[in-house]
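One structure is given below, encoded as structure tokens.
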Amino acid sequence: MKKFLTCTYLNLIPGFILTFRRMVMTIFGGHFTIQYPEEHYPFRQGFRGEHRLKQDELGRPKCVACLMCQTACPANCITIVATESPWPDREKVPQSFQIDLLRCIYCGMCEEACPCDAIELTPKHMQAAYFREDKVYDLTRLLHNTE
Amino acid sequence: MNIVLELVKVLFAFVLVMGIVPLLIWLERKISAWIQGRVGPNRVGPFGLLQPLADVVKLLFKEDIVPTNADKGMYFFAPLLAMVAPVILFAFIPFGPDIVLADYTFKLQVCDFGVSILFFMAVLSTAVFAVAFGGWASNNKYSLLGGIRAASQLVSYELILSGSFLYILLKWNTLSFRELIEKQAAYGWTIVSDFPFSLLFFILFFIAALAENKRAPFDLPEAEPELVGGYHTEYSSMKFAMFFMGEYIAITVMCFCMSVMFLGGYHFPGVVDVSGNFLNALLGLAVILAKVFILIFIYMWIRWTLPRFRYDILMRLSWHYLLPLTVILILVKALI
Ligand code: SF4
Ligand code: SF4
């Protein structure tokens with residue numbers, strides 16, 4: 001009886017005050033919910049999402065088809081076919097450059113491996129598609145994969 | 001003429017109580033969301049107000065599964081009882097002052113007779129059959145456990161409810177809800193006119209009502225983590241919805257009952273007097289609804305604040321603390 005009167009049940013009162021305050025705060029001071037399809041969580045620098053191939057100041061792909069990324073990739077999802085370069089400053093350019101995003105584990109190894117800083121992972125992360133083929137990105141798609 | 005008016009009144013009462021239910025479901029979600037720092041439903045209709053409607057449509061289109069070994073008759077009867085019993089309870093609640101139409105006094109209460117509190121109690125205790133039948137007929141161990149828990153819980157807390165009714169009888173010397181309100185209008189609301197007793201009984205009644213409605217922290221019969229869904233584990237589609245709606249109707253009716261017994265019902269000093277015209281009746285309805293919604297808010301506030309009791313604590317709370325307290329208080333009140 002003493003326990004009943006002293007501690008257990010009276011301790012509830014601060015709890016009630018807390019939840020009430022929380023409620024008032026939510027109504028007048030905002031909430032933590034992000035209204036997802038309309039709003040997005042702001043991603044930090046270095047978030048590893050979809051890939052992008054960078055272009056240099058002349059608009060050419062920076063990639064020199066060295067296959068370093070293909071070799072480094074632990075998921076074997078990069079397929080590069082190299083061809084001879086039309087420009088004098090490099091030997092090869094990629095003729096086709098495919099990344100299977102459904103196989104990719106977004107480890108960022110390709111970005112690390114690239115000697116020319118030609119490939120990078122963007123914060124894009126919405127991976128819904130109707131067909132599997134839609135998720136195999138080719139050269140043009142990768143070159144223009146910006147926000 | 002009179003019979004038509006009475007039928008209109010019955011229909012109005014039914015629509016009133018059925019209209020409150022979706023509102024409560026919406027309110028519950030909103031309040032839970034606010035307390036947890038979320039926004040709650042906000043996609044269907046303005047402020048998500050049409051969410052309950054969407055839920056009903058969803059439930060209607062769900063497959064209605066009946067377990068092979070269920071006791072068919074009882075299995076179908078239980079959700080029916082769960083919903084019908086609280087609706088019947090509403091018949092005894094006066095929800096507004098009389099309207100005098102020419103020579104005909106139109107009572108805003110479906111069924112007014114001398115012993116309505118007694119009848120209220122009698123119908124209230126059928127609630128236990130709904131859950132016990134539902135739990136037993138489903139032929140599922142979780143349902144059965146839920147049903148047993150519900151039955152023992154409801155029986156233990158009903159005693160406290162009866163104690164509070166007894167107190168009301170001692171205090172106001174009447175068993176009719178309408179007379180109760182008239183007396184409260186004349187001598188002050190129960191909760192203030194008889195201060196220490198009435199407040200204690202109000203709290204006791206409130207706790208017992210929470211347990212009767214199987215609301216958190218007394219929602220052991222349907223404790224999801226332990227019992228899957230409790231007595232309604234095996235119910236799907238509209239049968240589940242009937243249990244669900246029945247629960248909310250029971251909450252509404254309990255809050256109506258509390259506001260009538262302790263908070264003066266539709267009476268509010270200065271605003272509504274007991275006998276009057278049409279406007280007065282509307283005001284009275286607004287007043288009682290305001291009281292009911294405040295009580296319902298407290299119900300929800302409690303639900304989203306307190307964790308569930310352990311079963312032995314629940315039983316000990318009733319039999320060791322609350323029931324002796326009720327009995328002692330009644331004895332003291334009777335002696336005074
Ligand atoms: S992120 Fe990792 S898995 Fe994906 S393509 Fe680059 S190296 Fe391969
Ligand atoms: S490592 Fe860089 S330069 Fe080499 S093939 Fe990959 S993207 Fe092109």
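Proteins get letters first, then strands, A, B, ... in listed order; numbering begins at 1 in each.
- Contact of the B/V39 side chain with the A/F32 side chain is not registered, since no non-hydrogen atoms from C-beta on lie closer than 4.5 Å.
- More than 12 heavy atoms of other residues, nucleotides or ligands shown are found within 6.0 angstrom of CZ on B/R43.
- Residue A/E39 places its CD atom among more than 12 non-hydrogen atoms of other residues, nucleotides or ligands, all under 6.0 Å distant.
- By the 30° and 60° cut-offs, the orientation of the rings of B/W301 relative to A/F20 is tilted.
- Heavy atoms of B/I302 lying under 4.5 Å from chain A belong to its backbone as well as its side chain.
- Enclosure of atom CD in A/E38 by more than 12 non-hydrogen atoms of other residues, nucleotides or ligands within 6.0 angstrom is indicated.
- The distance from atom OG1 of B/T305 to atom CE of A/M23, rounded to the nearest 0.5 Å, is 9.5 Å.
- Distance check, rounded to the nearest 0.5 Å: OG1 of A/T26 to CD1 of B/I31 gives 12.0 Å.
- Heavy-atom contacts from other residues, nucleotides or ligands closer than 6.0 Å to CE of B/M315 number more than 12.
- The environment of CZ in A/F43 is crowded: more than 12 heavy-atom neighbours from other residues, nucleotides or ligands sit within 6.0 Å.
- Atoms OG1 and CZ, from A/T19 and B/R303 in turn, are 14.0 Å apart once rounded to the nearest 0.5 Å.
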